[in-house]
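Source: prediction; values computed, not measured. Counting begins at 1 with the first residue of the sequence. Counting starts at 1 for both ligands and their atoms, following the listed order. Just so it is clear, the values below take in all heavy atoms, side chains as well, and ignore hydrogens, waters and symmetry mates.
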Amino acid sequence: MKVEGLIFDLDGVIVDTAKYHYLAWKELADGLGFYFSEEDNERLKGVSRMRSLDILLEVGKIELPDEKKQELAEKKNKQYVEMIKKMSPDEILPGALSFLKSAKAKGYKTALGSASKNAMIILNRLEIAALFDAIIDGTKVSKAKPNPEVFLAGAKALNVQAENCVVFEDAAAGIEAAHNAKMFCIGIGNKENLPDADYLIPGFEKFTIRDFEDLIRN
Ligand code: BG6
Ligand code: MG
């Protein structure tokens, strides 16, 4: 496989923001009078903000008009942004920073491919924005994963053919999006959650750029 571009999802791949999303969604659910569990929160991974709200309301068996939903999504986001504004570089997941740095040193082009509209705040707080040659986030695309738009836009911005890109993803919808873009996809997680990943790693802690090159050589 000829690989020139590496595209990284953000939430769950480079940083664990799911815990902050959970706290903010849970507070919203508490206010609406129902319990939103961590297990329910699993269903929100990789899913857009509005779709996440729909899933949450489904759990609470609540139906609301669009206007009210918009208001609730904004309320949750305010809460979430307050939390991520306090993040620091030590929250980068183990091994991710050195993987990114060594990928760049080896000459790979790197892109971010995230559904989040808050990606820039997080990248700046983690001080890693400069490690990406292109940043495609929720403010730049309109079709949510599993639509391949975010990854195709990443490949285009890197000026690399889609088939020469590899995606790193922690969500099933993201893996489907990568496959829809005709990209090889390395899943961060386990077989149970990500049965369709082309290769699985638990994280970057024990997966170096050397391991990556061995993998794509074979
Ligand atoms: C994804 C997360 O990266 O971004 C989802 O995995 C989240 O849980 C989505 O809903 C949208 O994020 P934001 O920051 O735009 O609300
Ligand atoms: Mg993710």
Side-chain angles (χ1 to χ4, degrees), residues 6-29 36-59 69-87 91-93 96 100 111-126 128 132 135-151 153-154 166-179 181 183 185-190 193-194 196-197 200-204:
L6 306 185
I7 308 183
F8 299 84
D9 173 48
L10 177 64
D11 298 318
V13 171
I14 293 172
V15 72
D16 176 22
T17 41
K19 59 185 179 206
Y20 300 125
H21 279 297
Y22 176 59
L23 288 173
W25 284 126
K26 191 177 171 301
E27 192 162 313
L28 199 79
F36 188 68
S37 71
E38 273 190 76
E39 199 184 332
D40 295 327
N41 191 57
E42 282 301 304
R43 293 173 60 197
L44 310 189
K45 287 189 178 170
V47 172
S48 74
R49 193 181 307 164
M50 288 315 288
R51 178 72 195 122
S52 296
L53 176 62
D54 282 337
I55 296 172
L56 179 124
L57 293 174
E58 203 180 289
V59 171
K69 285 206 270 187
Q70 205 64 46
E71 197 184 294
L72 290 179
E74 273 167 36
K75 190 172 166 194
K76 178 266 171 180
N77 192 53
K78 256 196 181 161
Q79 194 73 29
Y80 176 67
V81 168
E82 279 313 307
M83 291 186 259
I84 58 170
K85 272 191 345 204
K86 296 185 194 120
M87 289 180 83
E91 289 184 62
I92 299 174
L93 287 170
L100 267 168
L112 188 88
S114 166
S116 174
K117 291 190 163 87
N118 296 304
M120 275 323 297
I121 301 178
I122 299 168
L123 293 180
N124 287 332
R125 291 299 307 169
L126 302 180
I128 55 170
F132 296 94
I135 294 171
I136 310 295
D137 63 14
T139 65
K140 301 210 174 103
V141 292
S142 54
K143 299 181 197 107
K145 299 169 185 177
N147 187 287
E149 186 185 16
V150 63
F151 296 136
V166 170
V167 170
F168 294 88
E169 253 295 347
D170 72 311
I175 289 174
E176 210 182 321
H179 287 161
M183 296 175 185
C185 190
I186 298 181
I188 316 288
N190 57 48
N193 298 332
L194 307 173
D196 296 329
L200 276 169
I201 57 172
F204 289 104

* To do: Name the option, out of M50, R49, R43, that contains the heavy atom nearest to atom 16 (O) of ligand 1.
  => R49

* Are the side chain of E149 and the backbone of K143 linked by a donor-acceptor contact shorter than 3.5 Å? -> yes

* To do: May I ask you to list the atoms of ligand 1 that are less than 4.0 angstrom from any heavy atom of L44?
  => 5 (C), 8 (O)

* Counting only heavy atoms, which portion of S52 has something under 4.0 Å from ligand 1: side chain, backbone, both, or neither? -> side chain

* Salt bridge or not for R125 and E91, using N-O below 4.0 Å? -> no

* To do: Report the part of V47 (side chain from C-beta onward, or backbone N, CA, C, O) that has a heavy atom under 4.0 Å from ligand 1; answer both or neither where that applies.
  => backbone

* Asked: Can you tell me how far the OG atom of S48 sits from the CG atom of N147, to the nearest 0.5 Å?
  -> 12.0 Å

* Structure fact -> For D170, the N, O or S atom at the shortest distance from the Mg ion (ligand 2) is OD1

* To do: Specify the protein heavy atom at minimum distance from atom 6 (O) of ligand 1: its residue, its atom name, and the distance to 0.1 Å.
  => G46 N, 2.8 Å

* Do F8 and F168 make the cut of ring centroids closer than 6.0 angstrom? -> yes

* Below 3.5 angstrom, do we get any N/O pair linking K117 and ligand 1? -> yes

* Return the name of the atom in D11, of element N, O or S, nearest to the Mg ion (ligand 2). => O

* Under 3.5 Å between some N or O of ligand 1 and some N or O of D11? -> yes

* Could you find the nearest protein heavy atom to atom 11 (C) of ligand 1 and give me its residue, atom name and distance? => S116 CA, 3.8 Å

* Answer yes or no: does an N/O atom from K76 fall short of 3.5 Å to an N/O atom of ligand 1? => no

* Is there a donor in the side chain of H21 and an acceptor in the side chain of K76, or the other way round, less than 3.5 Å apart? -> yes

* Look only at the side chain of D40 and the backbone of S37, and say whether a donor-acceptor pair between them is shorter than 3.5 Å. => yes

* Measure from the side-chain N and O atoms of Y20 to the backbone N and O of E82, and report whether any donor-acceptor pair falls under 3.5 Å. => no

* Just by distance, do the side chain of N124 and the backbone of M120 share a donor-acceptor pair under 3.5 Å? -> yes

* To do: Looking only at distances, please establish whether an N/O atom of ligand 1 is found under 3.5 Å from an N/O atom of N118.
  => yes

* Asked: Can you tell me if D9 has an N, O or S atom under 2.8 Å away from the Mg ion (ligand 2)?
  -> yes

